[in-house]
There are 2 protein chains.
Amino acid sequence: MPHTDYDCNLGCPIEATLEVIGGKWKSIILYHLMEETLRFNELRRVMPEITHRMLTKQLRELEQSQLVARKVFPEVPPKVEYSLTSYGQTLHPVLSALQIWGIEHLKTSSE
Amino acid sequence: MPHTDYDCNLGCPIEATLEVIGGKWKSIILYHLMEETLRFNELRRVMPEITHRMLTKQLRELEQSQLVARKVFPEVPPKVEYSLTSYGQTLHPVLSALQIWGIEHLKTSSE
DNA sequence: CTGGATCCAACGCGATACTG
DNA sequence: CAGTATCGCGTTGGATCCAG
């Protein structure tokens, strides 16, 4: 890709993306939701290190970014499903790139 | 891309990548160094919003990650050039993916 | 089960001043 | 020009408790 004049001063695209998927948890959440719809506690199970509070918070932000959809089932006990929106799906190439490089990086740094 | 068993619990590749290029500034610095070697103050000029202190700090961390090379010219006044290492170059696809999605995202969110 | 609210410690980061 | 050291504020985020 050419070094365009999106010069990262005004509305830098890279920064914009990181704004949305950056942080310690968002991309991981998105990654897990890429394949399957998950409930709140299912997400906690696949991400044992995130705290209850943070998961809630991150999910709210992903909702606001239109990347994640929240579906509430009016039941007792409550049931809430989280899934990617179609817009969220467009992040697939980005997450793939991150994952691919990460795999190589982990290999390299463990040598 | 298949949903492999890099399940993001133990040594998650995505997290590993973000560990290295994440944060508000690192990817931007890498982006600018992708095309050309730059001196300290040249970097500041293309990134007007970063503070002196933060630029120094981020550059040190990128050095430690082996992504950026620091070359000091023993002159007065001092001259220091920063460039990508060959390892740093391998991030090209990742940064491209971030940039491409960001461009679309900015378009979308401004509508 | 899902999730909000509060308290509080830890850290990030800017501002500033100082060096070779 | 390039870089370090110190201070101090603001935000982040963990622990905990409460609620539908």
Side-chain angles (χ1 to χ4, degrees), chain A residues 8-9 12 14-15 18-30 32-33 36-85, chain B residues 8-9 12 14-15 18-30 32-33 36-65 67-85 88:
Chain A
C8 282
N9 295 326
C12 168
I14 295 182
E15 197 172 338
L18 255 27
E19 195 79 22
V20 162
I21 68 158
K24 189 169 169 43
W25 300 112
K26 294 221 183 78
S27 57
I28 315 293
I29 295 172
L30 291 168
H32 285 298
L33 293 180
E36 47 179 352
T37 293
L38 290 171
R39 299 179 56 177
F40 187 83
N41 269 3
E42 291 174 333
L43 275 169
R44 293 198 68 188
R45 219 165 295 132
V46 294
M47 307 172 61
E49 294 175 39
I50 196 173
T51 62
H52 184 139
R53 184 180 180 276
M54 281 313 290
L55 181 53
T56 310
K57 189 157 162 285
Q58 303 295 300
L59 283 170
R60 289 299 163 275
E61 295 179 14
L62 289 171
E63 270 186 87
Q64 286 186 12
S65 307
Q66 316 277 338
L67 297 174
V68 163
R70 179 165 176 269
K71 180 171 183 185
V72 182
F73 295 81
E75 304 173 1
V76 177
K79 173 179 172 180
V80 180
E81 283 185 351
Y82 292 94
S83 59
L84 282 199
T85 62
Chain B
C8 283
N9 293 326
C12 169
I14 294 182
E15 196 172 338
L18 255 27
E19 194 79 22
V20 162
I21 69 159
K24 187 168 171 43
W25 300 111
K26 295 222 182 77
S27 57
I28 315 294
I29 295 173
L30 292 168
H32 285 298
L33 292 180
E36 48 179 350
T37 293
L38 289 171
R39 298 179 56 175
F40 187 83
N41 270 2
E42 291 175 333
L43 274 168
R44 293 198 68 187
R45 219 165 294 132
V46 294
M47 306 171 62
E49 294 175 39
I50 195 171
T51 63
H52 185 138
R53 184 180 180 277
M54 280 314 289
L55 181 54
T56 309
K57 188 159 162 286
Q58 304 294 300
L59 283 170
R60 291 296 165 276
E61 295 179 13
L62 290 171
E63 271 185 84
Q64 285 185 14
S65 307
L67 297 174
V68 164
R70 179 167 177 268
K71 180 171 183 186
V72 182
F73 295 82
E75 304 174 359
V76 177
K79 173 177 173 182
V80 180
E81 284 185 353
Y82 292 94
S83 60
L84 281 198
T85 62

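Chain identifiers are assigned alphabetically (A, B, ...) following the order of the sequence lines, protein sequences preceding nucleic acid strands; residue numbering begins at 1 within each chain. Note that this is a predicted model, so its numbers are computed, not measured.
Residue pairs meeting the ring pair (Phe, Tyr, Trp, His ring centres under 6.0 Å) criterion with at least one member in residues 37-58 of chain A, sequence neighbours excluded: A:Phe40-A:His52. For residues 75-85 of chain A, no pair satisfies salt bridge (Lys or Arg N to Asp or Glu O under 4.0 Å), with sequence neighbours left out. Counting only residues at least two apart or on different chains, the salt bridge (Lys or Arg N to Asp or Glu O under 4.0 Å) pairs with a member in residues 63-73 of chain A are A:Arg60-A:Glu63.
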Identify the pairs formed between an N or O of the protein and an N or O of nucleotides 7-13 of chain D at a distance under 3.5 Å, and give each distance.
| residue | atom | partner | partner atom | Å |
| --- | --- | --- | --- | --- |
| D:dG13 | N7 | A:Arg53 | NH1 | 3.4 |
| D:dG13 | N7 | A:Arg53 | NH2 | 3.3 |

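When all heavy atoms are compared, the tightest approach of A:Val20 to A:Lys26 is O-CD, 3.3 Å. In terms of heavy-atom proximity, B:Leu18 sits nearest to A:Ile21 at CD2-O, 4.4 Å.
Among the atoms of the strands shown, only primed sugar atoms or phosphate atoms (P, OP1, OP2) are found under 4.0 Å from some heavy atom of B:Arg60. Backbone-only contact: B:Arg70 has heavy atoms under 4.0 Å from sugar-phosphate atoms and none from a base.
Separation of atoms CH2 (A:Trp25) and CE (A:Met54) is listed at 8.5 Å; rounding is to 0.5 Å. The CZ atom of A:Arg53 sits 10.0 Å away from the CD atom of A:Gln58 when rounded to the nearest 0.5 Å. The structure places SG of B:Cys12 at 6.5 Å from NE2 of A:His32, a figure rounded to the nearest 0.5 Å. Here the CD-CD distance, from B:Glu15 to A:Glu49, works out to 7.0 Å after rounding to the nearest 0.5 Å.
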Item to check | CA sep, side-chain torsions, deciding dist, call: A:Ile28, A:Val46, side chain to side chain contact (heavy atoms under 4.5 Å, CB included) | outcome: CA-CA 10 Å; A:Ile28 315 293; A:Val46 294; over 6 Å; no
Checklist entry - Checking side chain to side chain contact (heavy atoms under 4.5 Å, CB included) for the pair A:Leu33/A:Leu67: CA distance, chi angles, key distance, verdict? => result CA-CA 10 Å; A:Leu33 293 180; A:Leu67 297 174; over 6 Å; no
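Remark: C1' of D:dA2 and CZ of B:Arg39 are 9 Å apart, rounded to the nearest angstrom. Atom-to-atom, NE2 of A:His52 to P of D:dC18 comes out at 15 Å; the value is rounded to the nearest Å.
Comparing the helix axis at one end of the helix from C:dC1-D:dG20 to C:dG20-D:dC1 with that at the other, each defined from 5 consecutive pairs, gives an inter-axis angle of 40° (nearest 10°).
Annotation: side chain of A:Thr85 is not in contact with side chain of A:Val68 (no heavy-atom distance under 4.5 Å).
Read 5' to 3', the first and last nucleotides of DNA chain C with an atom closer than 4.0 Å to a heavy atom of chain B are C:dC13 to C:dG20.
In this structure A:Gln66 satisfies the side chain to side chain contact (heavy atoms under 4.5 Å, CB included) test together with A:Tyr87, sequence neighbours excluded.
For residues 62-69 of chain A, proximity to DNA chain C is found at no residue, defined as any non-hydrogen atom under 4.0 angstrom from a strand atom. Contacts between residues 75-84 of chain B and DNA chain D, defined by a heavy-atom separation under 4.0 Å, are made by B:Pro77, B:Pro78, B:Val80, B:Tyr82.
Each of B:Leu38, B:Leu59, B:Leu62 was checked for a side-chain contact (heavy atoms from CB on, under 4.5 Å) with B:Tyr82, and the lone residue meeting it is B:Leu59.
Atom CD of B:Glu19 has 12 or fewer neighbouring heavy atoms from other residues, nucleotides or ligands inside a 6.0 Å radius.
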